Amino acid sequence: MRHRKLRRYFRHGTLTQLAVFEAVARRLSFTRAAEELHMAQPTVSIQVKKLAATIGLPLFEMAGKRLRLTGAGRELYAACEDIFLKIAEVEERLARLRSPANGTLQLAVTTTAKYFAPRLLARFLERQPGVDAGLTVLPREQLLNRLAGGLDDLYILSDPPEDIEAAAQVLLPNPLHVYARADHPLARRRRLRFAEIAGEPFLLREPGSGTRRAVEQLFEAHGRAPNVRMELGSNEAIKQAVLGGLGLAVLSAHSMAPGTMHEGIVPLDVQGFPLRRWWYLAYPEGRAPSPTAQAFLDAVREPGWLEGLAPAAAPLPAASAAP
Ligand code: PGA
């Protein structure tokens, strides 16, 4: 035990004895305390005697016919308030952990999930307004580190992590399209073969990004490497670079979510696209989700819960007369 001097207090029943003592000290009567506690008076006396024996000092004395606290009794009575207050505080915090309605929920999501995760969380908070929620948006590599350390309740990322023990459930589709500026010569072509776009300059996300990995895997599968025009650290910067005419980009359709600027950018009609990827909700394996996190995991499985969060099929620009 860390606190050797406190060993005597860790006997079975000390807390009960303290509760009995507190009632006697407050009422200054064994009889009234026994009534309050619904206990027999001899039991109350025994409990107080045991406590006095544990402490090694008398707690009460008689002043004529009246019961009064000794010096030790007064010290202990004052401490009782602190002890019970501390226990009440702990209990309040634990109650928050026990109840999904009042718990906390810390969600961490990868960069591209920021286009839908806040709306998803908002839906949950509409049902559970008492939940104290937080949302962190991080590059995928940092997110994987946090997942490995189990720092947050739930994680949203596309493709479950390969080398981290994590439980994951499918959340939403994450279709990836090839995007170009609307006036790009390929924008009006139909059923483009991969070979027809593969030599174009491409704008890639930063190393470690899930979107970038999907692009690299695709080129690898075709035995090629992308012609990288530029690396940019965010979907928004890539969209601006596409608008600037710097090249093509493979992006999640979520990055064109309502409210994000995408005028002047169009998806190309390329065979094999959109690439079909999925968003997952994950949490560290071997750790039971908190009741609040579990309520979130259950909610997203409810029919209709995710309605409107998957990106709508991307409208293609009008086809050219002679593809
Ligand atoms: P991102 O995509 O890392 O490219 O933002 C999310 C993911 O693939 O996990």
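Just follow the structure's listing: the first ligand is 1, and inside any ligand the first atom is 1. Just so it is clear, the model here is predicted, and its values are computed rather than measured.
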Open item on the list: If the test is side chain to side chain donor-acceptor pair (under 3.5 Å), which one of D153, T136, D132, T292 qualifies with Q106?
Closed with: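 It is T136; the other options fail the test.
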Do me a favour and list the nearest non-hydrogen protein atom to [atom] with residue, atom name and distance?
atom: atom 9 (O) of ligand 1; result: R140 NH1, 2.8 Å
atom: atom 6 (C) of ligand 1; result: T110 OG1, 2.9 Å
atom: atom 8 (O) of ligand 1; result: S158 OG, 2.4 Å
atom: atom 4 (O) of ligand 1; result: T211 OG1, 2.6 Å
atom: atom 5 (O) of ligand 1; result: T112 OG1, 2.6 Å
atom: atom 3 (O) of ligand 1; result: G210 N, 2.8 Å

Task: Atoms in ligand 1 flagged as close to R277, the criterion being non-hydrogen separation under 4.0 Å - done: 8 (O)
- [ ] Can you sort out which atoms of ligand 1 are near T111, meaning under 4.0 Å from one of its heavy atoms?
- [x] 5 (O)
TODO: Specify whether W279 and F116 have parallel, tilted or perpendicular ring planes, treating 30° as the upper limit for parallel and 60° as the lower limit for perpendicular.
DONE: tilted
Task: Residue pair W305 / V300: nearest heavy atoms and the distance that separates them - done: CD1-CA, 3.6 Å
Task: Any L15 side-chain heavy atom under 4.5 Å of I87 side chain - done: yes
Task: Sub-4.5 Å side-chain heavy-atom contact between Q169 and Y280 - done: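 No - every pair of side-chain heavy atoms lies 4.5 Å or more apart.
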- [ ] Mind checking whether R205 contacts ligand 1 via backbone (N, CA, C, O), side chain (CB onward), both or neither, at a 4.0 Å heavy-atom cut-off?
- [x]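 Just the side chain.
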TODO: Have a look at ligand 1 and work out which part of W279, if any, has a heavy atom under 4.0 Å from it: side chain, backbone, both or neither.
DONE: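 Answer for W279: side chain.
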Open item on the list: If you measure every N or O of S209 against every N or O of ligand 1, does any of those distances drop under 3.5 Å?
Closed with: yes
Task: Salt bridge present between E126 and R123 (N-O < 4.0 angstrom) - done: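 No, no charged N to carboxylate O under 4.0 Å.
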Task: Salt-bridge criterion met for E35 and R27 (N-O under 4.0 Å) - done: no
TODO: Examine F21 together with F60 and report whether their ring centres are nearer than 6.0 Å.
DONE: yes
Open item on the list: Is R213 close enough to touch ligand 1? Criterion: a residue heavy atom under 4.0 Å from a ligand atom.
Closed with: no
